[in-house]
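This report refers to the structure that appears directly beneath it.
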There are 2 protein chains.
Amino acid sequence: MLGKNDLNIEGYKNTKQRTKILQIFKDSNIPLSAEDIFIRMKEYYPLLAISTIYRNLEILTSKGIVIKNIFNDGIARYELASTNHRHHLKCIGCNMTVDIDACPLKSLEHSIEAQTDFDISGHSLELYGYCPKCKKKNTESGSSN
Amino acid sequence: MLGKNDLNIEGYKNTKQRTKILQIFKDSNIPLSAEDIFIRMKEYYPLLAISTIYRNLEILTSKGIVIKNIFNDGIARYELASTNHRHHLKCIGCNMTVDIDACPLKSLEHSIEAQTDFDISGHSLELYGYCPKCKKKNTESGSSN
DNA sequence: GTAGATGCAAATTTTTTGCATTTAG
DNA sequence: CTAAATGCAAAAAATTTGCATCTAC
């Protein structure tokens with residue numbers, strides 16, 4: 001195992017900031033926004049610029065090390081590509097998010113590859129609806145219109 | 001007379017701008033960004049403000065008439081909720097987009113509803129990869145690192 | 001020593017908001 | 001008539017860029 005948080009790609013340097021970003025990703029099991037990462041890092045590097053985060057995320061994304069996903073709130077969130085493939089179910093009412101650990105898309109991807117001759121490298125999937133609590137509230141407050 | 005592109009919801013008026021937005025959605029079979037709509041409408045309403053588009057999209061989305069989706073380029077795109085449920089396959093290389101008319105998620109939604117007790121109202125799914133042409137280019141230019 | 005990375009500030013881009021005016025019903 | 005909608009301008013929020021300085025290798 002590599003065991004380190006280094007970006008072993010020729011032409012790129014392992015700065016402490018970059019190493020820390022990778023560490024933060026490894027310590028997290030949810031997708032993180034640039035600001036999430038920024039806040040976590042500010043504690044260690046008070047002079048840190050948010051542009052450093054964005055520039056690193058750009059590199060990490062282009063190298064396929066992290067995956068970028070833009071959620072329906074308009075904010076991009078990132079996660080390690082090596083993290084087990086996850087999808088999320090988000091409550092429209094209270095924003096509570098639940099992980100889904102089924103991903104039924106592998107077989108779909110294969111059949112679409114066959115149909116389109118694309119080389120499919122990934123997908124983003126987010127489900128949304130109302131959680132049990134908000135569902136209940138909705139029902140209670142009536143459902144006219 | 002009541003045009004077919006009218007928003008028949010109490011408290012809302014059928015302005016010509018709003019009617020036109022609905023018409024544009026009906027004429028389009030791809031998701032449109034606020035700017036896409038703005039450009040199409042400017043031709044007819046040169047004084048149109050983009051805030052009018054955003055405000056209408058907000059209302060239409062909140063009424064469930066259109067669906068908002070934020071693509072991986074960070075731009076929100078909208079489509080009629082009544083439009084047949086579509087997903088897209090986008091080429092990372094050239095941005096070419098292909099429609100997929102399979103949506104395998106209905107059954108997944110049901111099983112997740114059962115597991116989580118959520119009331120799932122929808123999902124967003126986007127697939128990405130390399131189209132035949134770009135795939136070829138990638139192979140030709142080698143794949144060393 | 002040098003290419004690449006960083007911090008800082010300013011610029012861009014997309015979306016939202018305040019307000020005076022106009023319009024649909 | 002009047003609540004809702006619009007146009008315009010300015011503000012926010014997220015992200016990107018230019019540049020001088022710094023750091024990993």
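Side-chain N/O atoms of T52(B) include one lying less than 4.0 angstrom from OP1 or OP2 on dG7(D). Between N14(A) and dC25(D) there is a side-chain N or O to OP1 or OP2 distance below 4.0 Å. Taking only side-chain nitrogens and oxygens, Q17(B) comes nearer than 4.0 Å to OP1 or OP2 of dG7(D).
Within the 3.5 Å criterion, the main-chain N or O of I59(A) finds a donor-acceptor partner in the side chain of S62(A). Remark: the backbone N or O of I24(B) is not paired with any side-chain donor or acceptor of S28(B) at under 3.5 angstrom. A donor-acceptor pair is defined here as one N or O able to donate and one able to accept, closer than 3.5 Å; no such pair exists between the side chain of R18(A) and the backbone of N56(A). Counting only distance, with no hydrogens or angles, the side chain of T61(A) and the backbone of L57(A) share a donor-acceptor pair below 3.5 Å.
Nucleic acid contact for E58(B): none, since no nucleic acid atom lies under 4.0 Å from a heavy atom of the residue.
Computed from coordinates, the L57(A) CG to dA5(C) P distance equals 14 Å when rounded to whole Å. Atom CD1 in I53(B) sits about 12 Å away from atom C1' in dG7(D), given to the nearest Å. Residue K13(A) contributes atom NZ, which lies 9 Å from atom P of dA24(D) at whole-angstrom precision. One can place CD1 of I75(A) at 12 Å from P of dT16(C), the figure rounded to the nearest angstrom. The NZ-C1' distance, from K16(B) to dA24(C), rounds to 11 Å in whole Å. Rounded to an integer number of Å, the gap from OH of Y45(B) to P of dT6(D) is 10 Å. For the pair Y44(A) OH and dG7(C) P, the computed distance is 16 Å after rounding to whole Å. Between the CG atom of N56(A) and the P atom of dT15(D) there is a distance of 15 Å, given to the nearest Å.
The stretch residues 33-40 of chain A does not touch DNA chain C, since none of its heavy atoms comes less than 4.0 Å from the strand.
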Might you work through the side chain to side chain contact (heavy atoms under 4.5 Å, CB included) test for R40(B) and L32(B), ending with a clear yes or no? CA-CA 10 Å; R40(B) 283 167 173 68; L32(B) 301 171; 3.8 Å; yes

Candidate pair I65(B) and L22(B), rule side chain to side chain contact (heavy atoms under 4.5 Å, CB included), full reasoning: CA-CA 9 Å; I65(B) 293 163; L22(B) 287 167; 4.1 Å; yes

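Within 6.0 Å of the OH atom in Y44(B), the count of heavy atoms belonging to other residues, nucleotides or ligands does not exceed 12.
Cluster membership for F25(A) and Y45(A), using ILVMFWY side-chain heavy atoms within less than 4.5 angstrom, is shared.
When distances are taken from the side chain of A76(B) to each of dG7(C), dC8(D), dT15(C), the shortest belongs to dT15(C).
Between I50(A) and K42(B), it is K42(B) whose nearest contact on DNA chain D lies nearer the 5' terminus. Each of L47(A) and I59(A) was matched to the nucleotide of DNA chain C holding its nearest heavy atom; the match closer to the 5' end belongs to I59(A).
Of all non-hydrogen atoms in A81(B) and G64(B), the two that sit nearest each other are CB-O, 3.3 Å.
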For every nucleotide of nucleotides 17-22 of chain D, 5' to 3': is a protein heavy atom under 4.0 Å from its base (B), only from its sugar-phosphate (S), or from neither (-)? BBB---

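Of the listed residues (I53(A), T52(A), I50(A), L48(A)), just one forms a side-chain contact (heavy atoms from CB on, under 4.5 Å) with I37(A), and that residue is I53(A).
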